[in-house]
Amino acid sequence: MEDSGTHGEEVSTGIDSRVNQVFFPVAYTILFIAGSMMNGLAIIVFFQLPSKSNFIIFLKNSVISDTLMIMTFPFKILGDAKLGLWPLKGFACRFTSVVFYFTMYISIIFLGLITIDRYKKTVKPFDKSCTKNLFSAKILSASIWIIMFLLSLPNMILTNKELTPKSVRSCAKLKSEFGLVWHEIVNYTCQIIFWVTFAIIVVCYLLITKKLFQSYKRTRREQTQCRKRVNMKVFIIIGVFFVSFVPYHFARIPYTLSQTRDGFRCSAHYTLFYVKESTLFLSSLNACLDPFIYFFLCRSFRNSLLAMWKKRRGSLSLYTRRQEYNTSNAETKI
Ligand SMILES: Nc1ncnc2c1ncn2[C@@H]1O[C@H](COP(=O)(O)OP(=O)(O)O)[C@@H](O)[C@H]1O
């Protein structure tokens, strides 16, 4: 295990820079505001929709996990901004950062399940078994939350060293020996979860493309155009996955090693920290990109959102007309 004394001190000097104290807090604040609005709206829309298919159940889980993730941002913002709130950074290391990662992998798994569901829908568009198995989808969703929670919980419990302004600068310094071992185990497990999900998404996408190409050769032009849209929609998931998660998962392994092993020079740890923080920001961006997936992939979501929008516009114009009527009445009386 690393000598947390000198190593931590050097590392903390690097980490206390403007990028970490100003740039990331500002960027996360923007993400927090945009993400809260988009996911708040998505929650309102989704909870008006009945859970009538596996697809909607998975999307609902995804929006809950993204909302939970966004709620952890204020702790990261205030903890990193170094406004004298160092205990908050300790709180982030112990709880909210763990919740952040926990929700991130839940989102990844649900994106995988959503892709599998879309693959089934493309290959067997009239198969009703997907919609019949609602109970299984709910059990599967609950199991994912429970398993991921059990995996993450020790990261909270084993972050148990005394909090000081110095020790909170690196979460690894707050961990017991076994805490560091568990941290590494969880990170490798999460790498496997990510790359397996990624492989599933790529394979599903290739199979969908193959299927669409076959039907392209068979069907007439107008039908083909209709099917091309499905192709593009799956492309959105792959795009979001690439942008949000691939860079972070390349950066994470060397960073985790630098947290738990000796032999990393201070400058190397410093660079790896910034690469990890930058790519982690892209992963956080996922909470703002997912609502686009809901909009483009889920017709019920889109219809419900547009209906809400029209209703709101209707009541607004009614309100404006009433105001105008009242004003003109008042003017006539004068
Ligand atoms: N994949 C993960 N799942 C659950 N918790 C994690 C995961 N990765 C890191 N953590 C926990 O989140 C907290 C912050 O970790 P990390 O970002 O590596 O620290 P730092 O901010 O010092 O770089 C730690 O308690 C760590 O154990």
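Since the model is a prediction, treat every value here as computed from it, not as a measurement. Counting starts at 1 for both ligands and their atoms, in listed order.
- Ligand-side atoms of ligand 1 in range of S152: 4 (C), range being under 4.0 angstrom from any heavy atom.
- Judged purely by distance below 3.5 Å, without hydrogens or angles, the side chains of S107 and D66 pair a donor atom with an acceptor atom.
- Of the protein's non-hydrogen atoms, N155 ND2, 3.3 Å is the one closest to atom 6 (C) of ligand 1.
- By the 4.0 Å heavy-atom criterion, K276 is counted among the residues contacting ligand 1.
- Between E277 and K76, at least one side-chain N (NZ, or NE/NH1/NH2) sits under 4.0 Å from a carboxylate O, which counts as a salt bridge.
- Near T159, the atoms of ligand 1 lying under 4.0 angstrom from a non-hydrogen atom of the residue are 25 (O).
- The shortest N or O to N or O distance between Q259 and ligand 1 is under 3.5 Å.
- Ligand-side atoms of ligand 1 in range of K175: 24 (C), 25 (O), 26 (C), 27 (O), range being under 4.0 angstrom from any heavy atom.
- Of the heavy atoms in N187, only side-chain atoms (C-beta onward) come closer than 4.0 Å to ligand 1.
- Closest protein heavy atom to atom 23 (O) of ligand 1: Y255 OH, 2.4 Å.
- Using a 30° and 60° split on the angle between ring planes, W195 and H249 fall in the perpendicular class, above 60°.
- Taking the six-membered ring where tryptophan is involved, the planes of F46 and Y294 are perpendicular, since the angle between them exceeds 60° and thus also 30°.
- Ligand 1 places these atoms under 4.0 Å from at least one heavy atom of S97: 12 (O), 13 (C), 14 (C).
- Among protein heavy atoms, atom 22 (O) of ligand 1 sits closest to C171 N, 2.9 Å.
- For the pairing with C190, the side-chain contact (heavy atoms from CB on, under 4.5 Å) check across N187, I192, V186 returns one residue only, V186.
- L174 contributes atom CG, which lies 6.5 Å from atom OG1 of T159 (distance to the nearest 0.5 angstrom).
- By the 4.5 Å heavy-atom criterion applied to side chains, L31 and F281 are counted as neighbours.
- Closest to atom 26 (C) of ligand 1, if we only count protein heavy atoms, is H183 ND1, 3.3 Å.
- The nearest heavy-atom contact from the protein to atom 15 (O) of ligand 1 is Y101 CE1, 3.8 Å.
- Side-chain atoms of R302 come within 3.5 Å of backbone atoms of F296 as a donor-acceptor pair (strictly under, hydrogens ignored).
- Any N or O atom pair closer than 3.5 Å counts here, and E277 shares no such pair with ligand 1.
- Ligand 1 has no atom lying under 4.0 Å from any heavy atom of W182.
- In terms of polar-atom proximity, C93 is counted as a contact of ligand 1, with an N or O under 3.5 Å from an N or O of the ligand.
- Every N/O-N/O distance between V186 and ligand 1 stays at or above 3.5 Å.
- Remark: the backbone N or O of N61 is not paired with any side-chain donor or acceptor of W145 at under 3.5 angstrom.
- Annotation for ligand 1: atoms under 4.0 Å from non-hydrogen atoms of Y105 are 1 (N).
- Within the listing of ligand 1, atoms 1 (N) sit less than 4.0 angstrom from a heavy atom of C190.
- The aromatic rings of F194 and F241 sit parallel to each other, their planes meeting at less than 30°, with 60° as the upper class boundary.
- Interface of R252 with ligand 1, defined as ligand atoms under 4.0 Å from a residue heavy atom, comprises 17 (O), 18 (O).
- Formation of a donor-acceptor pair under 3.5 Å by the S62 side chain with backbone atoms of F58 is not found in this model.
- Rounding to the nearest 0.5 angstrom, the gap separating the NE2 atom in H183 from the OH atom in Y188 is 9.0 Å.
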